[in-house]
Amino acid sequence: MLLIQCPCCGVEAEETEFAPGGEAHITRPGPDCSDTDWATYLFERKNPRAVHYERWRHAFGCGKWFHMARHTHTLEIFGVYAADDLSPPQAILDYIAERTAP
Amino acid sequence: MTRLKTGGALIERGTPLRFRFDGTEYRGVKGDTLASALLANSVKLVNRSYKYHRPRGVVTSGPEEPNALVNLGSGNRHEPNIRMTQIELFDGLEATSQNRFPSLRTDVGVLNAAASRLYPAGFYYKTFIHPRVAWKHVFEPMIRRIAGLGRAPTEADPDTYEHQYAFCDTLIAGGGPAGLLAARRAGEAGERVMLVEQTERLGGRLLVDDDAEIDGKPARDWLAEQIAALEAMENVTIRLRTCCSAAFDHGYTLLYERRADHTVPTGPRHRLWRVRTKQIIGATGMIERPIPFYGNDVPGVMLASAVRDYVKLWGVAPGAKTVLYTTNDDGYRTALALHEAGCTVAAILDSRSDPAGILVERAINAGLTVMPSTGIGKVTGGKDGVTAIQTVPLGGEGNEAGFGAKITCDCVAMAGGWSPVVHLYSHSGGKVIWDKDRAMYRPDSANPPRNSIGEPYARMVGGATGALTTADVLASAAQGSAVPTVHSATEQPASPVWFTPSHGKAAMGGKHFLDYQNDVTVADIRLAAREGFESVEHAKRYTTLGMATDQGKLSNINGHAILADTLGKAMADVGTTTFRPPYTPISMGSIAGQEKGTLFKPVRQTPLHDWHAAQGAEFEPVGDWRRPYRYQKGSEKREASIYREIKRVRNSVGLLDASTLGKIIVRGPDAGKFLDLMYTNMMSSLKPGRCRYGLMCNDNGFLMDDGVIARIDDQTFLCHTTSGGSDRVHAWFEEWLQTEWFDMKVYTANVTEQWSQFAVAGPNARKLIEKLDGTIDLSADGLPFMGFADGHLAGCPVRVFRISFSGELSFEIATPASFAMSLWEKLMAAGADLDVGPYGTEALHVLRAEKGFIVVGDETDGTVTPHDVGMSWAVSKKKEDFIGKRAMERPDLTRKGRKQLVGLLTEEASFVLPDGAHALSEDGKRAIGHVTSTYFSPTLKRSIAMALIEGGMDRMGEALEIGIDRKTTARAVIASPVFYDKEGARQNV
Amino acid sequence: MSDLDLMLARPALDVASGPDLGADIAAMPLRGMVTLRGDLGDSGFAAMLKAATGCDIPDTRSSIRAGDNHVLWMSPDELMVFCPWSEASALVAGFMEQAGDAHVLALDVSDARAVFRVSGEKAWRVLAKGAPVDLAPERFAVGEVRRTRIATVAAGIVKTDETTFEVFCFRSYAAYLWNWLTVGADAQSLSDL
């Protein structure tokens, strides 16, 4: 069971306090988009055996959403960042590169 | 097999205890386990094996015991499959043997053994395939009766259990010498330490193998010093009878504390500790391995380490005359212990050609016979135990020469080498590697379990690393600093035996047992390999090796070695199976903890709950809520009570507790704009003081909630949700605000429980409310339909909404929850002359169905759009965007022939369709829809139903066949789902 | 209001203590509670809070007291004010008046939650039976606030003195949590914790 640090209230807590929200950084297309784009937005998700950027909510705690970079196989958590970050912060990307270098 | 005159470090000879096993009373002493006490009473036969019902005796002295499983206790405290070796004896203990009928000594299941050649590996898979129908009615019931170990209890468990969350820097599993030393080091470093030990004693093997000198002191003195030092440290917690059962990701571990198994329960029987630790140190030691030889399962054949445990810890001699079969020096300790205790050691058979070393010398000096390069070719004996063994030469060319000497004995001690207990390392992702020299799987320190930041968090110390001597054990725990100086006997390399040759019909290994509990033999593994089950994981499942309750603690390594040998592969290439938690079985009660009975699941109650109960309410669950379904009056029938409540609303006035409706405040300059996105219809145009019914979809375009939205002021909206939907909808709002439209200035708050809310419905609703002192003008003009007003009623602050879910004149009154009871009772009292009374959710549902109002979750199932249920009027065409808008334009959601909501009127007016019944196509071969709500309407005096039917809105008047059961159908005509007061005149008064 | 029979969260619940219990459990009387949402870093908001309650903005996961008021940090943009029950609506009105056009939310939620007091040397062990939180005396400070779950019920915990916690949850769960706490306070269980 994961140990997760909520960046919003600072608590380091077990996974049962949190609710997962799936893959992060999915763009919601506008109402004029194509059927294909809308289907991609609704249904297509990555399922990597690798670093995964995902959304979590501190459901039983402060109630806030945030982002997390986590390796789906080793379960290493590389960092958490704000829900309104549209892409992972460079510092986290650099750290992931360092940690996953062969 | 009696109690020895001397010895027994754990027992108090002066405190006798009485206990019963299979109805016979025996005596033991304080400190005994059930196993040691039975051995002291010369009881050898304790169980029958699972498959062949072979007689079995105690093999080990600890949690790895495969054979000696018993039913413990009786009646509501009956518990099956408990290992005797772990049961601390108490006065009055009652146990019975398992897996035998009618008794342990005359078990009819033993016929299985006679037919054992007919039960090869994979027997069940191969035999019970044909005929297919026989499986369910013949084979499965038969197998279920024969199979299984203990009997599951049939009565509710009277004991209590609990959980406890805890946190530490270092968790140490195992209170042997390595665990104690590691704990002391961590404690001295100021860490928050938890040390757990599965038995009731600290010291591990050092309590038995006490021949070493540590830091110039006898081992026992050193041990006492460590324990005293730890007990003095405030930052160190020691818990006995507590097993580290599992290690999960990121340092989450489960500790299973058998708190009151050894005594009359006072407080919880078991406690499950849920510990998050920064570091796990596994000081879990080793388990000795049996040696595969012909008849190695006859009662009296035991692990060598267990034999000396019984002698030295409990003062019990498992046999009067013992043969030791060893592959290493350590086995000689058993021979020496027996000899020193005055027991006869008939012979020491050593797999090695040239046994030497200090322990061997001591045995020879004691006059014991050592037979090099010799094994046990065959064991003679039966349910009364071992009577003799025949030796067989090992190695060289001598195998064909037949058996060697016959030696009479009543006990065989096997020293097949040691397996580190690597389970915790393995549970949490650490890898193990095969150590060829020491013939064992040991933890691979290069591949440890890792924590949330990718750092190693578990390491093993002591025997669990593969350390075989006390010196190595302590060195691994000391971590390089102040390593204790140890003087102990040096040991020579071992020579493992994976298979001892034999002769005659068992030469192929059909009676060379590997897994005692599941009766897996060497021959089974060989057969599996020949049949192509080459992967260790496949061979395991095919033969069931290691799949019993002991999870292969004794059998896995031997089994894998046989597989490797049969396949001609190296051990390391065959690999090993993965250890899964828990280490030993844990009770179901401990998993439940205190959350059983009324605490099993939280139940949400409205402020009026007790009133409802006192009025005879039958409650139904709605989410976690309990809502009155109907109110029983006198001896009236169920339907009668529901019809009474419906008629009251249609004819006079009824009160419904609608407190469970979700209520969410949405406030901010962008609140209107935000709600326009959340709901399918327009909310920003709503005027303060007015309400609007709103539909909420997800981005798939499917309905997920509905409710009435009230605009309180320019910036503030109150959104009602379905009962049980408030948390979900509140979270849904917050998700969009926090993750998508975070630039919007909107705050939300879930105020569901701040307000209690009652529906006052019926033609006399206004008359009733006006009887109370109030500040709100309730007239048709003063409070028009879909309006609301704030004020006071009978001294209570209220907000009154003029909305209707019944089609009648109706008001919903919201008041702060602490006023609820008071206001409700005042309404009831004031309405006595109007025959006011409460109505439940069933009446509510019939009332709304008569009006064709949908219930999200009844008429919808997550694949239904607003258009499907005829609510296109609530989907804005003006709004540029809202959740679900784009999806509703997808081809599948706009195509002809989608299921649409219609009414159904059965031709037989009194016949009520079953809920969920399928409507059939004309040829009767296809379901074209299903019934979503179905009731008898006392108002219309006929049955009514709503259904989702393919193209239903274009099929008005068409008659359909509705499937009732396999043989019968009922005819129903498609109609408008609004069955009553189609013009809506009744609510507009 | 004096003639009104105002309800506690659960009228049947009162105080549980005695030799069978290793910690005291009490259902607290009605209490004023106000939810405030706004920009906690904004000096204007801080000034409004000060004026309304006498309290400064509490640190993350902390609380501040002034007189009868107790302000709890709930999330990065949310506070909870505990105050006398009769003062809650005035506090809300006053706060919203001060706020003017500022984007804030103040709501009287005094009736939405139940509050229990769990006290005694082993009080933290009672809560640790169902809350995955390190509540050990040296790890959880007086005044600290933690929103978490107890069993599967969302709950807030605030430590009010060295051996006392206040636990609050939505009022519909009050009976469940009361039962849960009184079972968990079993003296025999706590005797070896």
Side-chain angles (χ1 to χ4, degrees), chain B residues 160 162-167 192 239 259-260 265-268 271 274 276 593-595 598-599 601-607 609-610 624-625 659-660 665 667-670 715-716 727 745-756 794-797 815-823 825, chain C residues 1 3-12 30 33 35 37-38 77-78 85 89 101 103-105 107-114 125 127-136 138-139 151-154 169-177 179-180 183-184 186-193:
Chain B
T160 60
E162 68 178 25
H163 292 174
Q164 179 72 208
Y165 281 95
F167 297 79
R192 198 184 190 189
R239 295 204 86 92
R259 191 180 165 277
T266 51
R271 181 181 284 135
R274 309 173 71 168
R276 187 68 73 160
Q594 73 177 40
E595 276 116 47
T598 55
L599 297 183
K601 190 180 190 307
V603 165
R604 303 178 75 173
Q605 299 177 346
T606 77
H609 186 88
D610 293 346
D624 283 353
W625 290 100
S659 302
T660 55
I665 293 285
R667 177 181 161 82
D670 295 320
Q715 288 206 9
T716 313
D727 292 341
K745 286 186 168 175
V746 176
Y747 287 125
T748 72
N750 186 348
V751 295
T752 300
E753 304 232 20
Q754 168 67 16
W755 300 93
S756 198
C796 303
T815 191
S818 58
F819 293 86
M821 194 68 251
S822 170
L823 183 58
E825 286 189 319
Chain C
M1 305 287 156
D3 61 325
L4 280 172
D5 176 22
L6 292 179
M7 285 172 65
L8 290 180
R10 297 285 306 166
L30 274 178
M33 295 189 212
T35 284
R37 293 196 65 179
D77 58 5
E78 182 177 345
W85 187 80
S89 55
D101 291 337
H103 175 44
V104 297
L105 175 67
L107 290 170
D108 178 356
V109 290
S110 305
D111 290 4
R113 290 174 179 83
R125 288 292 199 182
L127 300 177
K129 291 181 182 190
V133 178
D134 195 351
L135 295 167
E138 68 280 10
R139 307 283 164 147
T152 53
V153 178
C169 68
F170 278 130
R171 69 180 292 144
S172 61
Y173 290 109
Y176 177 86
L177 197 57
N179 290 336
W180 192 94
V183 167
D186 172 44
Q188 289 178 329
S189 152
L190 295 176
S191 68
D192 67 337
L193 275 173

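A, B, ... follow the sequence lines: proteins, then strands. Residue 1 opens every chain.
Heavy-atom pairs under 4.5 Å with chain B were tallied for C/Leu177, C/Thr35, C/Asp101, C/Asp108; the largest tally goes to C/Asp108. With chain C as partner, the option from B/Lys601, B/Arg271, B/Glu162 having the largest number of non-hydrogen pairs under 4.5 angstrom is B/Arg271. Taking B/Asp624, B/Thr716, B/Thr748 one by one and counting their heavy-atom pairs under 4.5 Å with chain C, the maximum is reached by B/Thr748. When C/Val153, C/Val133, C/Leu193 are compared by the number of non-hydrogen pairs under 4.5 Å with chain B, C/Leu193 comes out ahead. Options C/Asp111, C/Leu135, C/Leu105, C/Val104 differ in how many heavy-atom pairs under 4.5 Å they form with chain B, and the most are formed by C/Asp111. Chain C forms more heavy-atom pairs under 4.5 Å with one residue of B/Pro816, B/Ala749, B/Pro602 than with any other, namely B/Pro602.
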- [ ] Please assess C/Gln188 against B/Thr266 for the test side chain to side chain donor-acceptor pair (under 3.5 Å), listing each intermediate value before the final yes or no.
- [x] CA-CA 6 Å; C/Gln188 289 178 329; B/Thr266 51; 4.9 Å; no

Task: Stepwise side-chain contact (heavy atoms from CB on, under 4.5 Å) check, C/Arg37 with B/Ile665 - done: CA-CA 12 Å; C/Arg37 293 196 65 179; B/Ile665 293 285; over 6 Å; no

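Looking at B/Trp755, there are no atoms closer than 4.5 Å to chain C (heavy atoms on both sides), in backbone or side chain. Interface residue C/Leu107: only side-chain heavy atoms are found under 4.5 Å from chain B. In this structure, chain B has a heavy atom under 4.5 Å from the side chain of C/Glu138, while its backbone stays farther away. Contacts between C/Arg125 and chain B at a heavy-atom distance below 4.5 Å involve backbone atoms as well as side-chain atoms. Contacts between B/Val603 and chain C at a heavy-atom distance below 4.5 Å involve the backbone alone (N, CA, C, O). Contact annotation for B/Gln164: both backbone and side-chain heavy atoms come within less than 4.5 Å of a heavy atom of chain C. B/Ser756 does not touch chain C: none of its heavy atoms, backbone or side chain, sits under 4.5 Å away. When heavy atoms are compared at a cutoff of 4.5 Å, C/Ser89 does not approach chain B at all. Heavy atoms of C/Ala131 lying under 4.5 Å from chain B belong exclusively to its backbone.
Of all heavy-atom pairs between C/Asp186 and B/Gly267, the closest is OD2-CA, 3.9 Å. Scanning all heavy atoms of the two residues, the minimum distance from B/Ser818 to C/Arg171 falls at N-NH1, 3.9 Å. Contact record, C/Gly184 with B/Gln594: CA-OE1, 3.4 Å, taken as the closest heavy-atom pair.
Between C/His103 and B/Tyr747, the ring planes are parallel. Angles under 30° get that label, and only those over 60° would be called perpendicular.
Judged purely by atom type and a 3.5 angstrom limit, B/Gln754 uses its side chain to pair as donor or acceptor with the backbone of C/Ser110. Under a 3.5 Å cut-off, the side chain of B/Arg604 and the backbone N or O of C/Phe170 do not form any donor-acceptor pair. Of the possible donor and acceptor atoms, none in the side chain of B/Tyr165 sits under 3.5 Å from a partner among the backbone N and O of C/Gly130.
At a threshold of 4.5 Å between non-hydrogen side-chain atoms, the residues C/Ser172 and B/Thr660 do not count as touching. Side-chain contact check for C/Tyr176 versus B/Gln605: every heavy-atom pair is 4.5 Å or farther apart.
Between C/Asp134 and B/Arg276 there is no salt bridge, since no side-chain N of the basic residue sits under 4.0 Å from a carboxylate O of the acidic one.
Within the model, atoms CZ of B/Arg259 and OG of C/Ser191 stand 5.0 Å from one another, a figure rounded to the nearest 0.5 Å.
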